[in-house]
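Here the structure comes first, spelled out in structure tokens, and everything after it is commentary.
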Amino acid sequence: MRKAFKSFKDFIEICSRIESTSSILKKQEILAGFLKTLSRDEIKPFIMLISGKIFEKEERELGIGYRSVLSVLKRGKIRPLLEEGPISMVDVYKRLVRISEIKGESSIAKKRMMLHGLYNMLSSEEREYLTRIIFGEVRIGASEGLILKSIAEAIKAPLDEVKRAYLMIGDLGETAEIALIGGRNGLKRIKMKVFNPVKPMLATQARDVKEALISAGGRAAVEFKYDGARVQVHVKDEVLRIYSRSLIDLTQSFFDLADELKGKIRAKEAIVDGEVVAFSENGKPLPFQILVRRIKRIRKLPEIAERIPVRIFLFDVLYVDGKTLIDRPYMERIRVLESIANPDILAHRIITSDLKKAEDFYERAIKLGHEGVVVKNLLAPYILGSRERTWLKVKPAETLDLVIVGAEWGHGRRKGWLSDYYLAVYDDERDKLEIVGKTFKGLTDDEFREITRRLLSLKVAEEGNT
DNA sequence: CCTGTCTGCCCC
DNA sequence: ATTCTGC
DNA sequence: GCAGAATGGGCAGACAGG
């Protein structure tokens, strides 16, 4: 069957049809229908454009943002040298890729020039969509979930099969390509593979240890929750790579850790899950803000690495030597993890049904400078890319003593009250108040009246509305 | 060199 | 990361 | 309760321009 090439205009038409449809099922039907008419080279560009991403896992960036678009739009339209036919959907995508490839001196000007050329080929409606694509804000209600459903519908496969494949490869365009070309068999062949990072499982919040322990089944694992960056470590023979939560390769940023880990994971192949934490010389954990200085740093990385040593704490394992473990219960995975990893790179954990012991463990985590704990159901499988209630994080609520240093008269319902408060924190070292923010929430009407009265009695100056 | 501006499926 | 909203 | 969309703060790299 021969398929007609899609113009960018066809793409826009589908976008606006989906956007103006409120029913999710209808959107899905339109999308599935369109997917079926695409030739193989058009699948990936289409998926990327409609989800407003241009790139998925690639280490590439567009380098065009708000400022560049604004400057290009201000230039207005120029007359094209040749009257060209309608631009194809794939061509628009390729041009965006080409823009991303421009680097080095005067690259910004060149990028803007190319963008200008592209805008000039488009109608005003097409331009609007292109702008939305560039900002990653297509927002027509065709997000990840709907696209997966549409792929499933297009090839008449169960949604779970498509989802499973997507979670294993972590790339929507590739998933669509495999599904639409290779069908259900193509999807089934996809397996978890080393150096193919997958989306990590996430935890939901619990109020306190008691609530967490009860909902985790009474007897549960309690692990330290570290204040660092979530990472996935992949090993095969002598090669080791470290990926971030969003599947970015961070091996370079943590080159020292990567080296150290090679001798500490005893498996031919493995994918493990953990947290990287910065430590001070005296062995105290440092806050995330310190760690982040190493992430994606290039300049003076060795010096920074020396100054900010990091440790890793592994708490799960997804794959070992050809075996995918995500469907196995937590306890079994932990046993495997303990059998392949050195004890000094494992997250601190206890397994208990005793609330007192769990709470003591939590207190100890806080005292040692960690964020709190994560309480885990012992039977829970590892659900890729999902926020699950089988993992419950508990951390202390942030509280701060603040002083109201300014207020604005309210509008509408709050007319006559001071309702917008500037808050400051007292800086001991410099003996002065530092404004840290502003709030207008969290008070009842009576409290507003009371605060207005008290603030007026304490007033030192007034200007305009403030 | 240094400094300011823009950008980023950034990290949390 | 958190917060809000619509389903 | 869930998923999606919107939001914030801070940080470093790349480039432009002096």
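Chain A is the first sequence line, chain B the second, and so forth, proteins listed ahead of strands; every chain is numbered from 1.
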Practice problem: Take atom CD1 of A:Ile290 and atom P of B:dC11, then tell me their distance rounded to the nearest Å. | Solution: 18 Å
Quiz item: In whole angstrom, what separates A:Ile24's CD1 from D:dA5's P?
Solution: 10 Å
Quiz prompt | Verdict with supporting geometry, A:Val92 and A:Phe11, side-chain contact (heavy atoms from CB on, under 4.5 Å) | solution = CA-CA 11 Å; A:Val92 170; A:Phe11 169 78; over 6 Å; no
Quiz item: Is the closest basic N to carboxylate O distance between A:Lys199 and A:Glu144 below 4.0 Å?
Solution: yes
Quiz item: Does the side chain of A:Ser68 get closer than 4.0 angstrom to OP1 or OP2 of B:dT7 through an N or O atom?
Solution: yes
Quiz item: Mapping A:Arg294 and A:Ser106 onto DNA chain D by nearest heavy atom, which one lands closer to the 5' end?
Solution: A:Arg294
Quiz item: Could you give the OH-to-P distance, from A:Tyr243 to B:dC9, as a whole number of Å?
Solution: 17 Å
Exercise. For C:dT5, give its Watson-Crick or G-U wobble partner with both distances under 3.5 Å, or none.
Key: D:dA3
Self-check item: d(CZ, A:Arg387; P, D:dG4) in whole Å
Solution: 13 Å
Quiz item: Quick one: which of A:Arg230, A:Arg333, A:Arg349 gives a salt bridge (Lys or Arg N to Asp or Glu O under 4.0 Å) with A:Asp316?
Solution: A:Arg333
Self-check item: Residue among A:Arg132, A:Lys27, A:Lys26 satisfying salt bridge (Lys or Arg N to Asp or Glu O under 4.0 Å) with A:Glu19
Solution: A:Arg132
Practice problem: For A:Ile295 and for A:Phe288, find the nucleotide of DNA chain D with the closest heavy atom, then tell me which residue's nucleotide is more 5'. | Solution: A:Phe288
Quiz item: Quick one: is A:Gln205 getting a side-chain N or O under 4.0 Å of the C:dT2 phosphate, OP1 or OP2?
Solution: yes
Quiz prompt | Rounded interatomic separation in angstrom, taking NZ from A:Lys199 and P from B:dC9 | solution = 14 Å
Quiz prompt | Cation-pi geometry met for A:Lys6 and A:Phe34 (6.0 Å, 45°) | solution = yes
Exercise. Between D:dA14 and B:dC11, how far apart are the P atoms? Round to whole Å, please.
Key: 15 Å
Exercise. With the side chain of A:Ile248 defined as its heavy atoms from C-beta on, choose the nearest nucleotide among C:dT2, B:dC10, D:dG10.
Key: B:dC10
Exercise. Would you please classify the geometry between the A:Phe279 ring and the A:Phe313 ring as parallel, tilted or perpendicular, with 30° and 60° separating the classes?
Key: tilted
Quiz item: Nearest to the side chain of A:Ser246 - D:dA12, B:dC10, D:dA16?
Solution: B:dC10
Self-check item: Atom NZ of A:Lys193 with >12 non-hydrogen neighbours under 6.0 angstrom
Solution: no
Exercise. Please report, rounded to the nearest Å, how far the P atom of B:dG8 is from the NZ atom of A:Lys296.
Key: 10 Å
Self-check item: Syn/anti state of D:dC15 by chi, 90° boundary around 0
Solution: anti
Self-check item: Proximal nucleotide (of B:dC11, B:dT7, D:dA14) relative to the A:Ala229 side chain
Solution: B:dC11
Exercise. State which of B:dC10, D:dC15, B:dC6 makes the closest approach to the side chain of A:Lys103.
Key: D:dC15
Practice problem: Any strand is fair game: report the nucleotide pairing with D:dG18 by Watson-Crick or G-U wobble, both distances under 3.5 Å, or none. | Solution: B:dC1
Quiz item: Taking atom C1' of B:dC6 as reference, at what distance in whole Å does atom CG of A:Leu62 sit?
Solution: 13 Å
Quiz item: What does A:Leu291 touch in the nucleic acid at a heavy-atom separation under 4.0 angstrom: a base, only the sugar-phosphate, or nothing?
Solution: nothing
Quiz item: If you check the A:Arg389 side chain, which of D:dC2, B:dC10, B:dC12 turns out closest?
Solution: D:dC2
Quiz item: Do any side-chain nitrogens or oxygens of A:Lys395 fall under 4.0 Å of OP1 or OP2 in C:dT2?
Solution: yes
Quiz item: Which listed nucleotide (D:dA16, B:dC6, D:dA14) is nearest to the side chain of A:Ile108?
Solution: D:dA16
Exercise. Measure from the side-chain heavy atoms of A:Arg230 and tell me the nearest of B:dC12, B:dC11, B:dG8.
Key: B:dC12
Quiz prompt | Between B:dC9 and D:dA5 - C1' atom distance, rounded Å | solution = 15 Å
Exercise. Please give the nucleotide sitting opposite D:dG8 as a Watson-Crick or G-U wobble pair, both distances under 3.5 Å, or none.
Key: B:dC12
Quiz item: Can you check the A:Arg299 CZ to D:dC15 C1' distance for me, whole Å?
Solution: 10 Å
